[in-house]
Number of protein chains: 2
Amino acid sequence: MSVQIAGVASTPFGEHPGSSTRELFTDAALEALEDASLSPAAVEELYVGNFIGDLTDDQAHVGAMLADAIGAQQAASVRTESACASASSAVRSGVQALEAGDADVAVVGGVELMSASGLGEVTDALANAADNEYENEAGLTFPGIYALMAQAYLHEFDATQADLAAVAVKNYENGVSNPLAQRQEETTVERVLDSPPIATPLNLGDCCPITDGASAAVLVSDAFADEHGLETTVTFAGSGQSSDSLALQDRPDLARTRAAERAAEDAYERAGISADDVDVVELHDCFTIAEILAVESLGFFERGEGARGAVDGETAVGGRIPINTSGGLLAKGHPVGATGVAQLVEITKQLEGRHPNQIDDPSVGLTHTVGGSGASCVVNVLRTGGA
Amino acid sequence: MSVQIAGVASTPFGEHPGSSTRELFTDAALEALEDASLSPAAVEELYVGNFIGDLTDDQAHVGAMLADAIGAQQAASVRTESACASASSAVRSGVQALEAGDADVAVVGGVELMSASGLGEVTDALANAADNEYENEAGLTFPGIYALMAQAYLHEFDATQADLAAVAVKNYENGVSNPLAQRQEETTVERVLDSPPIATPLNLGDCCPITDGASAAVLVSDAFADEHGLETTVTFAGSGQSSDSLALQDRPDLARTRAAERAAEDAYERAGISADDVDVVELHDCFTIAEILAVESLGFFERGEGARGAVDGETAVGGRIPINTSGGLLAKGHPVGATGVAQLVEITKQLEGRHPNQIDDPSVGLTHTVGGSGASCVVNVLRTGGA
């Protein structure tokens, strides 16, 4: 059997003052169900990524809350949490539930409401993705953690702060064409280099924003699609997920993300493809350095060569391997628990030929989502085809 | 294909001052792997239930933390959260991963460290399983929520506070024989009725304790068991999971748990059995009333008749349908995120004939785990057999 993507939706990403987690997710899920021409009564499994709802909203148990909210009390409902990769784990679990034969219709999604909390509070909450005993207690925050990774990269390879900034320039530009993106302005290498330093070598322009948002996708078995006459055109091709040391200090090389390498290898094998077959990618650019590490882990560039992707235009819309045509986390925004499914939404739109930054005739797309500084990573592969 | 239970373990439940989440789970997981005669290097999937680690320990992303801690960085690692049913969702996801053909070896487990936080802090954290907007803001805590359910039951049916207390008497007695149980003392109906009132009609003796603990189980495909000569004797037979209104106020009947009814129906259908085929049960007695509601939802007693189960000895070890031979949450303890797998550990030991309160020759066992006041429920069914 194969799993089809029957419908997708994201809310606009940005600040949603006055909206609740419940409202944001309901908007995304009902729109995805409408896109699939299905009602909430059809949903058998609901997997929702959410990272810090208990810290920002005093609300855990969000799987059940959201099954209730969207009108799908009959469904099995679970929150999956793998830090920033939470929603991509939700996708993987939804696919497995269908492949196991336990269900024919799953809604997978994610939601995070971050802007209502103060910046200090959000920074503290985000630190829950790092190793509390060994990193947070020592004063590290996520910009600091990625700055250490960036320092290692710039030290080890022939790359500069301007190369990091080129990633932001590309992704901000893509975001301008995406009506759902949080940032709607272009930038330049000079502006990124002149933006306030956050944790050297990362400046404000190298960092993704604090975002509210929700995303959802409807997965159906091919048998269900056939039986109900659903015209699906995108198929789930395979996934990989792996882990790494939680604390940066335990890794042999700070300029390398091993969980991503393993996840990509597994995903390619299960999908029966290689990196060369991938036409379009949404990956985890929470900071500019993260995109560079990712394109290397995914096999699109040799180690130490990833920095030239944005500089030379190879990762631009229309380039050799278009990366983050949505604007990525840097411009589209990063509502942590929703990000993995937001990436899936964007790739599905590319494969269906209805993306605002549409590339020519893609047939294989990929999402790459990282938990924390890389202690978990999920790679999901989609292809055109349908039931 | 079928999924086998290859090894199980729980830490002692109780207070573990000075132990970390990492240490507790590692103890349980490594003991379960030893029980299965497997090394951490064999683990492909790790699903860990954890409810409030980010509130008690400032630590989320515990799937990756624990994959790292047990020496299984190669594994896909995910935290599942469905309030008090978190670990039973982990079991279900682990089974689905194997049935989907994505892996041959999964560790499923759970962990919670609750005693280090103050009682007020823990009560607030537990409230994250209820509806924050509509219940917590109105001042409800979990003893209050279950007291409302108990009041409705005593009003609707011919049952008394003494009938509730009989559940505690039975489960405390079972706990005395279980070396892993937190409470190691018997009680009487009079002592429960004389214990301090918590939320009428529930007294202190009607409430489960605050517990630290971890549990783990190793699941393998039958092909893997055959290939590696593992002698497994317990097979996963089927599961069901469903949802209900998050807030009590939205339910038509407070003395009924609809998610449990639906989950049981699904689990029985998938396992190809009826309630009459079940020989031994671990169910979610977070309060005495919860056991009475559960035995009715699972079909062991008609509605309104569940209260006589403990009074008449039908649910005792050696009774018609032995319930919570481990001592249950009331006596064994309730480390929230670990509870569902702790139940699986106890049922596995019963089916393997090595339980401290062994019943005669059981062939089908069941776990029932409730999230919050019943907005989610997971029922997992095991049977003797093996690969």
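Letters A, B, ... mirror the listed sequences (proteins, then strands); counts begin at 1.
Taken to the nearest 0.5 Å, the CD atom of A:E81 stands 8.5 Å off from the OG atom of A:S376. Summarising the geometry, atom CE belonging to A:M1 is positioned 11.5 Å from atom CZ belonging to A:F224; distances are rounded to the nearest 0.5 Å. Atoms OG1 and CD, on A:T21 and B:E133 in that order, are 8.5 Å from each other to the nearest 0.5 Å. Distance check: B:D104 CG to B:Q4 CD gives 12.0 Å after rounding to the nearest 0.5 Å.
A donor-acceptor pair is defined here as one N or O able to donate and one able to accept, closer than 3.5 Å; such a pair exists between the side chain of B:H368 and the backbone of B:H284.
Ranked by heavy-atom pairs under 4.5 Å with chain A, the list B:I52, B:V78, B:D250 is led by B:V78. Ranked by heavy-atom pairs shorter than 4.5 Å toward chain B, the options A:L246, A:D131, A:N128 are led by A:N128. Per-residue heavy-atom pair counts under 4.5 Å with chain B were compared for A:E99, A:R22, A:R79, and the maximum is reached by A:R79. Note on A:G371, A:G372, A:A75, A:A67: by heavy-atom pairs under 4.5 Å with chain B, the leading option is A:A75. Your options are B:A263, B:S86, B:C377, B:S242, and the one with the most heavy-atom pairs under 4.5 Å with chain A is B:S242. Most heavy-atom pairs under 4.5 Å with chain A, from the set B:A97, B:A130, B:G63, B:A127: that is B:A97.
When all heavy atoms of B:S82 and B:Q241 are compared, the pair lying nearest together is OG-NE2, 4.1 Å. Considering every non-hydrogen atom in both B:V341 and B:G109, the closest pair reads CG2-CA, 3.7 Å.
For A:Q73, the side-chain hydrogen bond (donor to acceptor under 3.5 Å, both in side chains) partners two or more places apart in sequence, or in a different chain, are A:D68, B:S245. B:A29 pairs by the side chain to side chain contact (heavy atoms under 4.5 Å, CB included) definition with B:F25, B:I70, B:A216, not counting sequence neighbours. Checked against side chain to side chain contact (heavy atoms under 4.5 Å, CB included), B:D124 has no partners two or more places apart in sequence or in another chain.
With a 4.5 angstrom heavy-atom cutoff, A:E45 touches chain B only via side-chain atoms. For A:A85, no part lies near chain B; criterion is any non-hydrogen pair under 4.5 Å. Heavy atoms of B:A375 lying under 4.5 Å from chain A belong to its backbone as well as its side chain. For A:F51, the parts sitting under 4.5 Å from any heavy atom of chain B are the backbone and the side chain alike.
Applying a 4.5 Å heavy-atom cutoff, the residues of residues 87-96 of chain A that approach chain B are A:S89, A:R92, A:S93, A:Q96.
Put simply, the side chain of B:T257 does not reach to within 4.5 Å of the side chain of B:V370, judged on heavy atoms.
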